[in-house]
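Scroll down for the structure; my scribbles are underneath it.
When a ligand or atom number is given, it counts from 1 through the structure's own listing order.
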Amino acid sequence: MSIERSLVLVKPDGFRRGLSGEVLRRIESKGYLLVDLAVLTPTREQLAAHYVEHQGKSFYEGLVEFMCSGRVTAAVIEGQDCIAGFRSLAGATDPTKAAPGTIRGDLGRDWGGEVQQNVVHGSDSPKSAAREIAIWFPHL
Ligand code: UDP
Ligand code: MG
């Protein structure tokens, strides 16, 4: 266990639906610290770096299209084991399967598109978190 930082994005579907505050409320209620916040429209370059592990996959192009379709709220959060902790708060990738009580389970659903619009992104490992924080918050 160690004090970690994680990169969270309220994706364009969540931002459009006015859910940034609700996501941040859940993060703060859990006890994690908000280190930095930004509202921005991602560039394709940022998304190519952010989703490098998914390049070449069937959903990649649609994912980048979706993620640059509007503004996102980006956050760096901090706390003991917050990388796994936020993944728990977020729930399963597929919002239909995500458990009630989780962000994706409570706030997400299948809207019929080819890409899962699942409200939030959260880093999946310390290595990913460091890489992703450098993309979205280069000054940190
Ligand atoms: N995604 C999708 N279809 C898939 C897998 C992923 O549309 O079969 C999208 C979904 O929005 C997901 C993102 O691509 O959040 C990144 O996928 P990853 O497997 O990293 O899921 P996550 O870490 O976000 O749970
Ligand atoms: Mg992922």
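Note: an N/O pair closer than 3.5 Å links N118 and ligand 1 by distance alone. Considering backbone and side-chain atoms together, R104 places an N or O closer than 3.5 Å to an N or O of ligand 1. Annotation: Y51 places no N or O atom under 3.5 Å from an N or O atom of ligand 1; distance criterion only. Considering both main-chain and side-chain atoms, Q116 comes within under 3.5 Å of ligand 1 through a nitrogen or oxygen pair.
Using cut-offs of 30° and 60° for the angle between ring planes, the H54 and Y51 rings count as tilted.
Distances below 4.0 Å separate heavy atoms of T93 from the following atoms of ligand 1: 12 (C), 15 (O), 21 (O), 22 (P), 25 (O). Atom numbering of ligand 1 starts at 1 in the shown order; those under 4.0 Å from a heavy atom of R87 are 22 (P), 23 (O), 25 (O).
At a threshold of 4.0 Å, the pair R44-E65 counts as salt-bridged, since one of the basic side-chain nitrogens sits closer than that to a carboxylate oxygen.
Contacts between K11 and ligand 1 below 4.0 angstrom, taking non-hydrogen atoms only, involve the side chain exclusively. Residue-level proximity to ligand 1 for V115 is carried by backbone and side chain together, each with a heavy atom below 4.0 angstrom.
Looking at every heavy atom in both residues, G70 comes nearest to T41 through O-CG2, 3.7 Å.
From the protein, the heavy atom lying nearest to atom 18 (P) of ligand 1 is H54 NE2, 3.5 Å.
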